[in-house]
J.: 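Here it is: the structure, laid out below.
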Amino acid sequence: MLARQYLRENSEIVKEAIKNRNMGEGEVVVKLLQIDEKWRVMKAQCDDLRHERNKVSTLIGNLKSKGENEAAEKAIAQSSGLKVELEKLEENAKALEEELKKGLLELPNVPHESVPTGMDESDNVEIRRVGFENLREFPEDIVPHYDLGVRLDIIDEMRGAKTTGSGFYFLKGEGARLEHALISLMLDIHREQGYIELIPPIPVSSASMTGTGQFPKFVNDAYKIEGEDLWLCPTAEVPVTNMYSEEILLDEDLPIKHQAYTPNFRREAGEHGTETRGIVRVHQFNKVELVNFTRPDSSYEQLELLVNDAEEVLKKLQLPYRVISLCTGDLTFSSAKTYDIEIWTPIGNNEEKNDGRWLEVSSASNFEDFQARRAGLRYRPKRHESADYIHTLNASGLALPRVMVAILEYYQNADGTVEIPQVLRPYMGGLERIEGSDPIGESAVGAGLRN
RNA sequence: GUCAGGAUGGCUGAGCGGUAAGGCGCACGCCUGGAAAGCGUGUUCCCUCACGGGAUCCAGGGUUCGAAUCCCUGUCCUGACGCCA
């Protein structure tokens, strides 16, 4: 959320930001400024009336204590009149204030000056590529993860759809084991980097969803728990960022670095048709999330460190990837600046021209004080008397299904087994490759999957 | 789930119908050769160029000329009882 005063003093910057985000011409800003102006006038009137009323009330108290009842009665009558007048004004002022608040909650963050201006993902700027020097040799008949998952019987989308619905899947046997290994590896790497682990609650309140910026705009993307003011968390960012809400942190505590492994739930409403095959876009997935609470003057340094910390996992897994800086049009609602990390896998979306594709596995963002204002996250700077808003940042470190996809495709052997990256082997009892197992059930026999 | 008690500023803690004590911490100033102690001022949010004013005692309603204080509803905490991996 932007501060009201900031909006008043920088309306042109905010308008420009909305334009650059492709969210219209910034008419909203003009409208909000008008409401704000009206509210300020009314607020002054209310304050004056209250001042009047307070004076009369004090007088009544004095008169009564002196026993001058007749004069007191007169003053009471006057006060009653003021009350009626005030109630009407207050009602109007309150309505304006609410409209203003609502508008502010729906206003996106202002992109940082270093963010490239652009329409959509084609205007994103590649920052670096890593790990392309010694690419593995790939088998000619390399198989996409969704087919390989069935063949090895480690990913079962059919039965996930049966028990729950499409977009949900079972991991099985070595698949499940691989996922656990990845989680442990990531938690170990990030602990080493200084992130204190949290296991947060999975359901979160509306207030928390508002605090990080999911609400009010994106209510339809979240799963609601019937009969409660609770939602399944779409990312650990929500419970973790809100952990210190309405608190004042100490200067010496900062920066606070947390990591959390949680499942994530997303309805992905209106996302049909994009990457529907396999487990690239699903309704429930696991993720290790990194969250950083920091002083305002060092948040951009912290952002660079954060990306590096997330990248470390891919370096250890020896997977090729790139880092890109999102342009203004591709930036998420709450973010001031975002780097995406994308893994490269040898299988493309286009069957004729199979030259690989990019999988987004992490988004590292600096929200500046946008979330801090919404969630009430402050700290007391040294040598200052009053509290100030901190800056929040987060990054996935990393989203698991897509890392799994990359491993199944990038580390695929000619015989259809999957090489397990060296760094993961200790986490899998020394296992060197995934060879799969016989599927269970008659349907497997009918489909010829059982040898 | 039932019953009882509670929620006050950065923290602590009084007030229980007449308009938010005190302490601690922190900041600034005075004092001092320097420091400690001591003394003074300040310490939340909003409006105002400013003077100044308003709001705020968990949230929302109500009673009242006037509510931190009384009444109702909700949320959360604490304890007891019950239930239960």
Side-chain angles (χ1 to χ4, degrees), chain A residues 1-9 32-105 199-211 215 225 227-231 239 242-254 256 293 295 369 372-390:
Chain A
M1 186 166 58
L2 302 176
R4 273 194 225 179
Q5 203 184 346
Y6 177 88
L7 185 69
R8 281 177 207 143
E9 290 166 5
L32 283 178
L33 285 175
Q34 281 167 353
I35 297 171
D36 181 55
E37 186 55 42
K38 263 190 3 211
W39 171 79
R40 276 148 83 192
V41 172
M42 204 156 281
K43 152 99 172 149
Q45 288 174 351
C46 280
D47 283 358
D48 286 349
L49 261 179
R50 280 201 204 100
H51 181 47
E52 242 349 86
R53 186 201 57 188
N54 289 347
K55 265 176 28 193
V56 176
S57 282
T58 312
L59 180 68
I60 293 168
N62 287 338
L63 290 173
K64 283 219 165 172
S65 64
K66 276 189 245 161
E68 299 180 25
N69 286 332
E70 210 170 299
E73 286 306 321
K74 239 193 204 162
I76 287 174
Q78 191 194 350
S79 177
S80 298
L82 285 173
K83 188 185 171 188
V84 178
E85 205 179 332
L86 183 61
E87 268 171 4
K88 232 178 5 196
L89 263 177
E90 268 179 337
E91 204 178 306
N92 290 335
K94 204 172 164 190
L96 283 176
E97 173 128 46
E98 246 150 53
E99 204 178 334
L100 200 55
K101 236 185 230 163
K102 217 176 122 204
L104 277 171
L105 279 175
I199 299 183
I202 306 305
V204 289
S205 66
S206 297
S208 293
M209 291 289 270
T210 307
F215 286 3
I225 295 177
E228 308 266 345
D229 177 32
L230 291 174
W231 309 77
N242 283 285
M243 186 176 178
Y244 302 107
S245 73
E246 304 303 331
E247 286 189 47
I248 294 183
L249 300 165
L250 298 173
D251 188 72
E252 56 263 37
D253 289 337
L254 301 176
I256 297 171
F293 304 84
R295 296 182 194 90
D369 64 5
R373 278 180 193 284
R374 292 172 159 246
L377 291 161
R378 294 181 295 166
Y379 81 117
R380 197 171 294 285
K382 276 219 169 82
R383 309 258 124 219
H384 282 279
E385 6 188 299
S386 62
D388 195 10
Y389 290 104
I390 57 163

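Every value quoted in this text rests on a predicted model; they were computed, and no experiment measured them. Lettering of chains follows the sequences in order, A, B, ..., and the numbering in each one begins at 1.
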J.: With P as the reference atom in both, quote the distance from B/C71 to B/A4 in angstrom, rounded to an integer.
T.: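 Their P atoms lie roughly 14 Å apart.
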J.: Rounded to whole angstrom units, what separation is found between the CG atom of A/Leu89 and the P atom of B/C47?
T.: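 Interatomic distance, CG of A/Leu89 to P of B/C47: 18 Å.
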J.: At 4.0 Å (heavy atoms only), tell me whether A/Arg373 reaches a base, stays on the sugar-phosphate, or touches nothing.
T.: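 Nothing, no heavy atom under 4.0 Å.
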J.: If I take atom NZ in residue A/Lys94 and atom C1' in nucleotide B/C47, what distance separates them, rounded to the nearest angstrom?
T.: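 Rounding to the nearest Å, NZ of A/Lys94 and C1' of B/C47 are 19 Å apart.
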J.: With the side chain counted from C-beta on, respond yes when A/Ile256 and A/Tyr244 share a heavy-atom pair under 4.5 Å apart, and no when they do not.
T.: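 Result yes, sub-4.5 Å side-chain heavy-atom pair found.
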J.: Whole angstrom is fine here: how far is it from CD in A/Glu252 over to P in B/C26?
T.: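 Distance, rounded to whole Å: 11 Å.
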J.: List in chain and number order the residues that pass side chain to side chain contact (heavy atoms under 4.5 Å, CB included) with A/Thr58, two or more places apart in sequence or in another chain; answer none if no residue qualifies.
T.: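 Testing A/Thr58 for side chain to side chain contact (heavy atoms under 4.5 Å, CB included), a comparison that skips the adjacent residues, returns A/Asn62.
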J.: Evaluate the side-chain proximity of A/Leu254 to A/Tyr379: yes if any heavy-atom separation is below 4.5 Å, no if none is.
T.: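 With C-beta onward as the side chain, the pair touches.
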J.: If only atom types and distance count, is the side chain of A/Arg374 paired as donor or acceptor with the main-chain N or O of A/Thr210 below 3.5 Å?
T.: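 Side chain of A/Arg374 to backbone of A/Thr210, a donor-acceptor pair under 3.5 Å: yes, one is there.
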J.: Which base, if any, makes a Watson-Crick or G-U wobble pair with B/C83, both distances under 3.5 Å?
T.: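 Looking at the geometry, B/C83 pairs with no nucleotide.
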J.: When you compare the side chain of A/Asp388 with that of A/Arg378, does any pair of heavy atoms fall below 4.5 Å?
T.: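 A side-chain contact is absent here, since even the closest heavy-atom pair is not under 4.5 Å.
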J.: My understanding is that a pair needs two contacts under 3.5 Å, Watson-Crick or G-U wobble. By that rule, which nucleotide pairs with B/U19?
T.: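 B/U19 is unpaired by these criteria.
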J.: C1' atom, B/A14 versus B/G6: distance in rounded Å?
T.: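 About 16 Å, rounded to a whole number of Å.
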J.: Atom CD of A/Glu246 to atom C1' of B/U75: distance rounded to whole Å?
T.: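 Whole-Å distance recorded here is 14 Å.
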J.: To the nearest angstrom, how far is A/Glu87 atom CD from B/U63 atom C1'?
T.: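 The answer, rounded to whole Å, is 13 Å.
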J.: Counting N and O atoms only, with roles assigned by atom type, does the side chain of A/Ser57 sit under 3.5 Å from a partner on the main chain of A/Arg53, one being a donor and the other an acceptor?
T.: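 Yes: the side chain of A/Ser57 pairs with the backbone of A/Arg53.
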J.: Across all strands, who's sitting opposite B/A50 as a Watson-Crick or G-U wobble pair, both distances under 3.5 Å?
T.: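 Matched B/A50 with nothing under the 3.5 Å cut-off.
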J.: Taking the P atom of each, how far is B/C70 from B/G1, in whole Å?
T.: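 About 26 Å, rounded to a whole number of Å.
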J.: Over all strands shown, is A/Ser79 touching base, sugar-phosphate only, or nothing at heavy-atom distances under 4.0 angstrom?
T.: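 Sugar-phosphate, no base atom in range.
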J.: Could you check whether A/Ser205 and A/Asp229, counting side-chain N and O atoms only, form a donor-acceptor pair closer than 3.5 Å?
T.: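 Absent: no donor and acceptor within the cut-off.
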J.: In the structure shown, which nucleotide is the Watson-Crick or G-U wobble counterpart of B/U43, with both distances under 3.5 Å?
T.: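 WC or wobble partner is B/G25.
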J.: Is any side-chain heavy atom of A/Phe215 closer than 4.5 Å to one of A/Trp231?
T.: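 When only atoms from C-beta onward are counted, A/Phe215 and A/Trp231 do touch, with a gap below 4.5 Å.
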J.: Taking the same atom, P, in B/G23 and in B/G40, what whole-Å distance lies between them?
T.: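 That atom pair is separated by 10 Å.
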J.: If I pick the C1' atom on B/U44 and the same atom on B/G9, what distance separates them, to the nearest angstrom?
T.: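 Taking atom C1' in both B/G9 and B/U44, they lie 6 Å apart.
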J.: Do any N or O atoms from the side chain of A/Arg295 and from the backbone of A/Asp251 form a donor-acceptor pair under 3.5 angstrom?
T.: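 Present.
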J.: Can you tell me how far P in B/G25 sits from the matching atom in B/A20, rounded to whole Å?
T.: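 One P to the other, the span is 26 Å.
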J.: Using a 4.0 Å cut-off on protein heavy atoms (strictly under), produce a 5'-to-3' string for nucleotides 8-14 of chain B with B for base contact, S for backbone-only sugar-phosphate contact, and - for none.
T.: --S----
J.: Expressed in angstrom and rounded to an integer, what is the separation of A/Asp388 atom CG from B/U43 atom P?
T.: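 So the two atoms are 18 Å apart, to the nearest Å.
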J.: Applying a 3.5 Å limit to both distances, which nucleotide forms a Watson-Crick or G-U wobble pair with B/G34?
T.: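 Across all strands, not a single nucleotide pairs with B/G34.
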J.: Counting primed atoms plus P, OP1 and OP2 as sugar-phosphate and everything else as base, spell out the protein contacts along nucleotides 49-58 of chain B at 4.0 Å heavy-atom distance: B, S or - for each nucleotide, 5' to 3'.
T.: ----BSS---
J.: Report the C-alpha distance between A/Arg4 and A/Trp39 in whole Å, list the side-chain angles of each, state the deciding distance to 0.1 Å, and finish with yes or no for side chain to side chain contact (heavy atoms under 4.5 Å, CB included).
T.: CA-CA 12 Å; A/Arg4 273 194 225 179; A/Trp39 171 79; 3.4 Å; yes
J.: Roughly how far apart, to the nearest Å, are B/G22 and B/C31 at atom P?
T.: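 Going atom to atom, P in each nucleotide, I get 26 Å.
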J.: Across all strands, who's sitting opposite B/G74 as a Watson-Crick or G-U wobble pair, both distances under 3.5 Å?
T.: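 Paired with B/G74, as far as the under-3.5 Å criterion goes, is B/C58.
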J.: Go ahead and name the base partner of B/G9; Watson-Crick or wobble counts if both distances stay under 3.5 Å, otherwise write none.
T.: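 Checking every strand shown, B/G9 finds no partner, since no pair has both distances under 3.5 Å.
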J.: Assess whether atom CD1 of A/Ile199 is packed by more than 12 heavy atoms of other residues, nucleotides or ligands within 6.0 Å.
T.: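 Incorrect, the count does not exceed 12.
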J.: Distance check needed: B/G17 C1' versus A/Ile76 CD1, whole Å only.
T.: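 It is 14 Å, rounded to the nearest whole Å.
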J.: Take A/Thr58 and A/Trp39, find for each the nucleotide of RNA chain B with the closest heavy atom, and name the residue whose nucleotide sits nearer the 5' end.
T.: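 Result: A/Thr58.
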J.: Could you identify the nucleotide paired to B/U63, looking across every strand shown and requiring Watson-Crick or G-U wobble geometry with both distances under 3.5 Å?
T.: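 Answer to the pairing question: none, since B/U63 forms no Watson-Crick or G-U pair.
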J.: Please state the C1' separation for the pair B/G82 and B/U19 - nearest whole angstrom.
T.: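 One C1' to the other, the span is 45 Å.
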J.: Between atom CG in A/Leu59 and atom P in B/U19, what is the gap in whole Å?
T.: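 Going from CG in A/Leu59 over to P in B/U19 covers 13 Å.
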J.: Where do A/Arg50 and A/Glu90 land on the salt bridge (Lys or Arg N to Asp or Glu O under 4.0 Å) test, with the steps shown first?
T.: CA-CA 10 Å; A/Arg50 280 201 204 100; A/Glu90 268 179 337; 2.9 Å; yes
J.: Please state whether the phosphate of B/G66, meaning OP1 or OP2, lies under 4.0 angstrom from any side-chain nitrogen or oxygen of A/Lys83.
T.: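 Answer is yes, contact under 4.0 Å.
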